[in-house]
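What follows is a short report on a single structure.
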Amino acid sequence: MTAEIINGNLLAQDLRVDIAARAAKLTEQGVTPGLAVILVGDSAASMVYVMNKEKASKAMGIHSVLERYDADFSETALLERIQALNEDPAIHGILVQLPLPPHIDTHKVIAAIKPEKDVDCFNVINAGLLMTGRPQIRPCTPYGVMKMLESIDYPITGAHAVIVGASNIVGKPMAMMLLQAGATITICNSKTRDLAYHTRLADILIAATGQRNIIKADMIKPGAVVIDVGVERDENGKLWSDVDFPNVKEVAGYISPVPGGVGPMTITMLLVNTIEAAEKKLQEKLQAEK
Ligand code: NAP
């Protein structure tokens, strides 16, 4: 069996047609969607992510603001900038690129973003709303994975989904979203005994560890859906991921590649979240005018 490829680039392209149309409609109605991205420090990888987000936003007609600060920018000054963006009516989404330099308390910074502008969905209020089944904003990577799963002819309800990786930004919200879609969930972490035992039970396997090729062909149930979130570049610039793609694709039923899988979907869902935040603002404005 050779797996069907879940093409994140194609799916993202389709979604972006809709995003551009919604952005244009919002602008016509007097609310141009706005996204502010803050980068502290000069990490080359973070710079690439931030530039990609800015480029994608602009291409969709989203007003995009990039604020760059030196690595010694103080926590107080950063909190002041977030406060100013919270109050700025032209900005509907605020994203602080992580990781932040060690002298800055990441939790404090994320908590300072107004929940309705927290388009990354890292704020504990949004995480809590997701956990309790009332999400206002969905975290971009798991949201993108859900769109990928919905795009294939494979039932999520009743499926056993195994998530390898339990971070706050990928593994845990992924588990919540799949649970709410009716899947039965197993979450694995670095202390899991006999990882392969669990992965072999998976109808849907989500790999999000950052450990190179941790998921091998003999760890897959034949016909399973395999989504590879992990991505890492080695010292020679070669791209690696969590899944041993050439071998796993011979066992799985569906598989997402790296590159061209989850990555483009993550950026796209950030744009979707920004549009949704702007649409809510427009609704509030129209209500207030009634
Ligand atoms: P993270 O915060 O480092 O978390 C990694 C998780 O994997 C942890 O829960 C860790 O377990 C678990 N883990 C590590 N080694 C393991 C092992 N041998 N067996 C089982 N679990 C193991 O990473 P993250 O932010 O979630 O990101 C994960 C990967 O996804 C990275 O490669 C990242 O670059 C990628 N990513 C990609 C996108 C995208 O858009 N494509 C977006 C976000 C992240 P413990 O909890 O026990 O430490």
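All residue numbers refer to positions in the sequence shown, counting from 1. In listed order, ligands and their atoms are each counted from 1. All values reported here derive from a predicted model rather than from experimental measurement.
Between the side chain of S46 and the main chain of D42, no donor-acceptor pair closer than 3.5 Å is present. Although no hydrogens or angles enter the test, the distance criterion places no donor-acceptor pair under 3.5 Å between the side chain of K221 and the main chain of D203. In terms of modelled atom types and a separation under 3.5 Å, the side chain of N236 and the main chain of K238 share no donor-acceptor contact. No donor-acceptor distance shorter than 3.5 angstrom exists from the side chain of H92 to the backbone of A277, with no hydrogens or angles considered.
Counting the atoms of ligand 1 from 1 in the order shown, those under 4.0 Å from a heavy atom of K191 are 47 (O). Each of the atoms 17 (C), 18 (N), 19 (N) of ligand 1 lies under 4.0 Å from some heavy atom of I214. Those atoms of ligand 1 that come under 4.0 Å of a heavy atom in G263, given as number and element, are 40 (O), 41 (N). Atoms of ligand 1 found under 4.0 Å from any heavy atom of G230, numbered from 1 in the order shown, are 29 (C), 30 (O), 32 (O), 35 (C). Counting atoms of ligand 1 from 1 in the listed order, those under 4.0 Å from a heavy atom of A166 are 6 (C), 8 (C), 9 (O). Atom numbering of ligand 1 starts at 1 in the shown order; those under 4.0 Å from a heavy atom of A208 are 5 (C), 6 (C), 7 (O), 28 (C).
For the residues S167, G171, G8, the heavy atom positioned nearest atom 1 (P) of ligand 1 is part of S167. Distances from atom 35 (C) of ligand 1 to the heavy atoms of L195, V229, T266 put V229 nearest. For atom 7 (O) of ligand 1, the choice among I163, I187, T209, V262 with the nearest heavy atom turns out to be T209. Comparing V231, V145, I215, T192 against atom 32 (O) of ligand 1, the shortest heavy-atom distance belongs to V231.
Using a 4.5 Å heavy-atom cutoff, the side chains of L11 and M265 are in contact.
If you check the side chains of E232 and S241, you find no donor sitting under 3.5 Å from an acceptor. Judged purely by distance below 3.5 Å, without hydrogens or angles, the side chains of T209 and D242 pair a donor atom with an acceptor atom. No side-chain donor from either of T192 and H198 sits under 3.5 Å from a side-chain acceptor of the other. For the residue pair K53 / Q97, a side-chain donor-acceptor distance below 3.5 Å is found, with atom types taken as modelled. Between N123 and N126, the side chains place no donor N or O within less than 3.5 Å of an acceptor N or O (distance only, hydrogens not considered).
Looking only at protein heavy atoms, the nearest one to atom 12 (C) of ligand 1 is G165 CA, 3.9 Å. Regarding atom 27 (O) of ligand 1, its nearest protein heavy-atom neighbour is V170 CG2, 4.4 Å. What sits closest to atom 42 (C) of ligand 1 on the protein, heavy atoms only, is T141 OG1, 3.2 Å. At the shortest separation from atom 31 (C) of ligand 1 among protein heavy atoms lies G210 CA, 3.7 Å. Counting protein heavy atoms only, atom 46 (O) of ligand 1 is closest to N189 CB, 3.9 Å. Considering only non-hydrogen protein atoms, atom 47 (O) of ligand 1 sits nearest to S190 OG, 2.6 Å. For atom 15 (N) of ligand 1, the closest heavy atom belonging to the protein is Q211 CG, 3.4 Å. Atom 25 (O) of ligand 1 has I169 CD1, 3.6 Å as its closest protein atom, hydrogens excluded (heavy atom only).
Ion pair R22/D18 flagged as a salt bridge, since at least one NZ, NE, NH1 or NH2 atom sits closer than 4.0 Å to an Asp/Glu carboxylate oxygen.
For V164, every heavy-atom contact with ligand 1 shorter than 4.0 Å involves the side chain, none the backbone.
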Begin with the C-alpha distance, continue with both residues' side-chain angles, and end with the deciding distance and a verdict on side chain to side chain donor-acceptor pair (under 3.5 Å) for Q83 and E87.
CA-CA 6 Å; Q83 194 50 38; E87 302 308 324; 3.1 Å; yes
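Protein heavy atoms are found less than 4.0 angstrom from atom 18 (N) of ligand 1.
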